[in-house]
Amino acid sequence: MKQEPEDPALAQVTSTMGTGEIQPHPATAHDDVFGSISADGPNYRDVGWLGTVALMMKTQIGLGVLSIPSAFDTLGLIPGLICMLAIAVITTWSDYMIGVFKLNHREVYSIADAGGLMFGRIGRLFFGGTFVLYWIFVAGSGMLGISIGLNAVSTHGACTAIFVAVAAIIGFAFGSIRTLGKLGFPAWIGLSCILTAIFTVTIAVGVQDRPSEVPHTPGPWSSDYKLVSNPSFTEAITAVSSLIFAYCGTPAFFAIVSEMRDPRYYTRSLMICQSGVTVIYTTIGTVVYYYCGSYVASPALGSAGPTVKKVAYGFALPGLIVTTMLVIHLPAKIIFIRLLRGSRHLTSNTRTHWITWLSCTFGITMIAYVIACAIPVFNGLVSLIGALLGTLMSFQPMACMWLYDYWTSGKSDKRVRWVLMVSWCVFVIGIGTFCMVAGTYGSVVGVVDSYRETGGSGAWSCVDNSGSV
């Protein structure tokens, strides 16, 4: 295996081993984000490139993939695939820009720091607040997903509100692990579990006679899938927002690259992640929708009948738990660093360190719990997050980052590549703003309609949210 070169930031405290990993040395080093790193405190720079792949893929593959077949049903198979691939291209470029920006500005840990560089104090506050709010909503949807899984496995064995509370407790406990390096192994487990669950359903819908949602009538059943559908504008933009959410792990990549042993291996990890994610999304979305048609369930794990649903959710629960703990960890970490940056408490096991860290994770968990109970409609919550916050975190800022670094150099020598990149950045900002505004409108309409259909009884309710009873 090719040996990993040392990051200059850790040159004083690392030694290169034959395995190609950079191992910590019991000395003291200075990092542009975390300050002094020593053996007396947590090692925040301990994620290898393979661990980076796991964290990236687990951040991407989680809740979003469960709504892809439903989005294809709304848009039609061909437009759905086109929209998904277009989103994949844009977000892959955005993810790449995060690595470039980090190497150019080593002091950047999060999108809030990038916003501060580009737009000053207002930019730092705006992007930092949006980042925290985004991951809180994702954590809420993660808790909702866990409650659906527990209801499915137990056939609604307890009040749904209790299951959401259990999800919050588990998320807080594991989300309080302090470094992403220690979350790499759980990320691999969670990724394996969610993929096993999804592929179990994918295979099951291909071999069964009909989806579980189809009324039992005499004679064979054939799928009513559509190559091209005719949705209303509100329905279409809501479906696109769900697809955007499936690729909206982007803002987490700032933290991941900042905790890598060597950020120069970021692009390698990114390309493996995005290639794998796109292949998986295309396969699962196409196969499940082809065999289920308009009777696809959302979340998609319920599409193959009660027995397979129990099995699938049994596999998926560890994956959903890992997703939830990651998305609790990320906003808590940015607040934690903001509070203690420049202080010895950031990298030392002091009482102040622990009280501050646990307070951050607990606060994030409680707000996410309230959101999960208040918006109990999975599809509506996913599309709302993707439209309002996911787009804003994954499209416009990265275009601004390129313009910030390269605008001045190109003004004096307007080469073709510079002109094309400026045009691309303007396009990304424009399409991102359109999807954000229109998608938020469509998602809000969808959530309101869902409340109207249920009479508002879903919030803080004991009613089964998995369709098991």
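What you see is a predicted model; the values in this text were computed from it and never measured.
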- Short N-O contact, Asp113 and Lys102, less than 4.0 angstrom: no

Any donor and acceptor pair, going by atom type alone, linking the side chain of Ser275 with main-chain N or O of Ile272 inside 3.5 Å?
no

For Gly293 and Asp224, the nearest pair of non-hydrogen atoms, with its separation, is CA-OD1, 3.3 Å

Quick one: does any side-chain atom of Ser258 pair with a main-chain N or O of Val108 as donor and acceptor, under 3.5 Å? yes

What one should report as the nearest heavy-atom pair of Pro251 and Tyr134 is CG-CE2, 3.6 Å

- Task: Could you check Asp73 against Ser229 for side chain to side chain donor-acceptor pair (under 3.5 Å), going step by step and ending with a plain yes or no?
- Result: CA-CA 8 Å; Asp73 179 44; Ser229 188; over 6 Å; no

Could you check Ser223 against Tyr295 for side chain to side chain donor-acceptor pair (under 3.5 Å), going step by step and ending with a plain yes or no? CA-CA 9 Å; Ser223 174; Tyr295 293 95; over 6 Å; no

Between His105 and Phe101, what is the ring plane arrangement, given parallel below 30°, perpendicular above 60°, and tilted in between? tilted

Item to complete: Verify the neighbour count for atom OH of Tyr96: are there more than 12 heavy atoms of other residues, nucleotides or ligands below 6.0 Å?
Response: no

Notebook entry, point to check: Would you say the side-chain atoms of Glu235 pair up with the backbone N or O of Ser232, donor to acceptor, closer than 3.5 Å?
Noted result: yes

Tyr109 side chain to Glu259 side chain, donor-acceptor N/O pair below 3.5 angstrom = yes

With sequence neighbours left out, the residues meeting ring pair (Phe, Tyr, Trp, His ring centres under 6.0 Å) with Phe336 are His353, Trp357

### Query
Stepwise, does the side chain to side chain donor-acceptor pair (under 3.5 Å) test hold for Ser394 with Ser94?
CA-CA 7 Å; Ser394 304; Ser94 294; over 6 Å; no

Query raised in the report: So, the side chain of Tyr289 versus the backbone of Lys226: is there a donor-acceptor pair under 3.5 Å, distance only?
Result: yes

Tell me if the centroids of the rings in Trp424 and Phe427 come within less than 6.0 Å of each other.
yes

Q: Assess whether atom CD1 of Ile122 is packed by more than 12 heavy atoms of other residues, nucleotides or ligands within 6.0 Å.
A: no

Lys333 vs Ser110, test: side chain to side chain donor-acceptor pair (under 3.5 Å). Steps then yes/no. CA-CA 10 Å; Lys333 179 69 76 65; Ser110 67; over 6 Å; no

